[in-house]
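Let me begin by presenting the structure, written as structure tokens, before commenting on it.
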Amino acid sequence: MSEQANDAHPLAELLRRPVLQAPARAAWDALAGQEDAASVTRWTEAILSLLHANAGAACMAALLRLRDRPAALAHMAESVTDICRHAGSSAALACIEAWVALRAPGLWPALRRLGREAPDCVAVAARQAGTIIAATGWDGFEDFVALGLKATGHEKARRAAFFTLADPLAVQALSRGTGSGFAARERRLKLFAAAILGRAPMLRARPAAVGLPPPRRATLSDGVLLLPESFPGLPETDQAMLFRAAVAHGLTHIMAGAPRQTVGTLKPLALAVIGVVEDARVETLAMRRFPGLRRLWAPYHVARPEGITVTALLARISRALFDPAYLDPHGLVLKARALVAEADIADPTASRRIGGLLGNDLGQMRLQFNARDYVVEPAYRDDGLGLWDFEDTTDAPPEIMEMRVETARLRQEEGEGRTDPGQDAARGTGRARARAAEPESVLLARYPEWDCAAAVERPDWTAVRAIPAPLGDLRRLEARLEAMPDLRRRIDRLVRAARPGRPRRLKRQPDGMDLDMDAVLDAEIAQTAGDLPDDRLYRGTALQMRDLATVVLVDVSESTRAEAVLETERLAVALLGDAMAGLGDPFALLAFASDGRDQVRLTRIKGFAEPFASVQRARLAGLSPGLSTRLGAALRHAGVEIGTQRSVRRLILVLTDGEPSDIDAPDPRDLVEDSRRAVLGLRARGIDVFAVVLGADGAETAGRIFGRTGHVVMRRIEDLPARLSDLYFRLSRR
Amino acid sequence: MDTVSVMIEAEPYYRAVGNEIDVFSAAYRHRLPVMLKGPTGCGKTRFLEYMAWRLRRPLITVAAHEDMTAADLVGRYLLAPGQTVWHDGPLTLAARSGAICYIDEIVEARQDTTVVIHPLTDARRVLPLEKKNEVVVAHADFQLVISYNPGYQSAVKDLKESTKQRFIGIDFGYPAALIEAEIVAREGGIDRALAERLVDVGRRSRNLRGHGLEEGASTRMLIHAGRLVLAGLSVGAAAQAAIVLPLTDDVELREALTAAIAACLE
């Protein structure tokens, strides 16, 4: 081709570079015959602007080597150009390589977004894309990127750690998988376990260890049963049974309650064999008590009398010890059966003795055993690590230490949130103490949060912590209350008028379903005596039930410092509390503020079970303003608290002075939408949510969050004490 | 309103689980009113039938309900041709004739209704009939017994303090496993091994109390399950029909309970 023709070529600039000449020409030839001329033009323009963006030759060549429909190629070329502009040529090259390897839709939009918002992470994310997509599914990559950007904010180091999958949050997000695993079944499994065991055992998702693939088996750690988020490679429908089988197996260990044994000088192979024998021992014990468990486990014992790898032999021994009808001529399998048959299976030391003997034989067979790759079979069994005390030996697998720490933390959370006193307390180890939480805040629960931009709910995003309430100057509060006698008298009157009662019986009604016997008698007597009988002969009932439980949620964020908002809130809540106590309506008073998503600080002024007495009033007096307003998390927690009440009507009454906001949420819309979703969720559960907004500033946002009829704006803050109680009476009549 | 006044002729089956017979006998000796507390279907009514038989007293049973008035207990004037006639209510009847008056599930009645029993339950042992202008002095053999289930009382449905404090309390729970199996075998007409298995099944549901179930399976439910098995159902099907389905509508709870029951059965 002549120089002239080259100059006229749409890719002339590329053709002038020797290294790009051949790929450019080939790419052009592949596209030239295509009908979609518009896309070809787009592609050409994108390729040229990539060249102008100083893309290296390797990147250009890689892009030119891609083949696809013109529209798809144009889209890719534009994306690569965009990424190259923001993140540089090598990042763009990494993206192209990821695309070649994965061809995953959703890859480009996510990488482009990353290029704009976190250019330093594009290359690493592109390299990890395969792992991420394998764990989350095709459409999970975009979501994963959005999660990373949101979670790490502007902390560069943490962001890099996230996308190299070194950050715990990233690992957790990957192990959560497609979201239909353990989390979806947790309640059923807990109920099942509680029914079997007689007390609620601790069942948790097994946290994935950093740098390791998601766990594939359950594990036990100090009486806590940790289950994988899902069992990979099994269809959805079979997961349910497998989870149940795994929980049942975990329970057999808990029921047998054998103490942890020291590892001593045992080799990994011996540990594996002893684990198999111990599993068989506790299962046999459990099946004596619960014969139906055999049906649950039997489908998973599929080993056949073939295969002489260690894994195969151990699976064969497992089946032989489980299934008396299984025939297996292998000497080791026969020996295992014979040893177990003559042992006393109630003796927890038997497993170690028998397993040791079998382990010796197995060792002499000189078979390859790689402890790192070994996975217990059948799949429902735990990984056996819970049997052992690795003391502080350095050869303990790294994930064990991690797990210990994790269970210590779970135990702590569990012990505080729920009533499970004394359980396993004796077994608490020194390790638990190594991770004492900061003394004054106690984790109550974690809640999801709505990510508006990504339109997904981020699980466990916020942590609500209980902050002990300092006692304030009660006398001052009481003095201020004393100063408004008229208001108090009026509220008293309202209380008396609304005092609860059961249905009132109405006598002598003009109509109804039942005769009022006394009225009939009187009428009959009147008639007999020649008088005019009263024709109101019926009785009826009038419902006058009060069955309303309320959580009052008070915003004590920094903004309530201005104009003595908090002072006024305090008075209003005190008056309202007196009214509710007078009515006998159950209620709780909670105050909230937040300092980032991990610190939603909740102060309990009064719980449902407490009276509204001087201690509670002193806590109310002791509230002080500070920090931000993460309303959604506080609402969700209020929903949980009120969920414990069995009243027919349940109401969450929010006192706030404006928009939700927090230090780690740059876009205030996020928290508004999250709060809105929290409100909708509560309403869907039949819980009324009503907000009193102080000052006119928050009116618009409040309308968005609580709905037009779900809030009232109080422009003059001084009106609050008088109007809050009125409002409560109106709401309670609704 | 149900009123049944019977002299119980044949000995009802009752298996004592504690000292309840001694307590009741002692209370009866001094005609002290008694309250029987306990979950539903654990044998409160059966116990009282047995005691009535043992003490050879007629038993008048009133099932309390929301719409019950004081007149329903005490009595009222009814119309007869050309005149009105007084009719004694069950409580008056029992007080006059020296029967045991048993008010079942008393918290279901309204608190203002239940106060009519007060004069009968203290040293006075009288029942004033205000409308008739008469004071009935209780027969020497009269005794008042009430029952209620503390499990599902709410703030609205509770006894007044002034009512509670007039009674001797006897608490009923589920019997120990072996005793319960004996009862289920006897009442259900099934063999001992099956009864033991059913009791074990029942225990699974009782484990879920507070985890979503208000109450676990009652002894009565287990007896029903036993009868279904006797009629030819498999144990699993009988447990499902007589225990799981009546107990809960919560799908997850049902699934968990069914699985736990399956684990108990061969």
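Labels below follow one simple rule: chain letters A, B, ... track the order of the sequence lines, proteins then strands, and each chain is numbered from 1.
- With a 4.5 Å cut-off on non-hydrogen atoms, A:Arg188 touches chain B through its backbone and its side chain both.
- Considering only heavy-atom pairs separated by less than 4.5 Å from chain A, the leading option among B:Arg197, B:Lys131, B:Arg206, B:Arg203 is B:Lys131.
- The most heavy-atom pairs under 4.5 Å with chain B, out of A:Leu293, A:Leu521, A:Asp514, A:Val520, come from A:Leu521.
- The residues B:Arg76 and A:Asp518 are annotated as not salt-bridged, no charged nitrogen and carboxylate oxygen being separated by less than 4.0 angstrom.
- Heavy-atom distances place both the backbone and the side chain of B:Thr69 under 4.5 Å from chain A.
- Looking at A:Leu296, neither its backbone nor its side chain comes within 4.5 Å of chain B, counting heavy atoms on both sides.
- Chain B forms the most heavy-atom pairs under 4.5 Å with one residue out of A:Glu524, A:Arg295, A:Met287, A:Arg294, and that residue is A:Arg295.
- Most heavy-atom pairs under 4.5 Å with chain A: of the set B:Leu213, B:Asp200, B:Thr84, this distinction falls to B:Asp200.
- For A:Tyr538, the OH atom sits in a loose shell: 12 or fewer heavy atoms of surrounding residues, nucleotides or ligands are nearer than 6.0 Å.
- Listed by sequence position, B:Asp250, B:Glu252 are the residues of residues 243-252 of chain B in contact with chain A, using a 4.5 angstrom heavy-atom cutoff.
- In this structure, CD1 on A:Ile525 lies 9.0 Å from OH on B:Tyr77, to the nearest 0.5 angstrom.
- Looking at A:Arg187 and B:Glu255, no side-chain N of the basic residue comes within less than 4.0 Å of a carboxylate O on the acidic one, giving no salt bridge.
- In this structure, the separation between CG on B:Asp72 and CE on A:Met517 is 10.0 Å, given to the nearest 0.5 Å.
- Smallest separation of non-hydrogen atoms from A:Leu197 and B:Asn207: C-ND2, 4.1 Å.
- A:Arg288 does not touch chain B: none of its heavy atoms, backbone or side chain, sits under 4.5 Å away.
- Within residues 256-266 of chain B, the residues that have a heavy atom under 4.5 Å from a heavy atom of chain A are B:Ala256, B:Ala259, B:Ala260, B:Ala262, B:Ala263, B:Cys264, B:Leu265, B:Glu266, listed by number.
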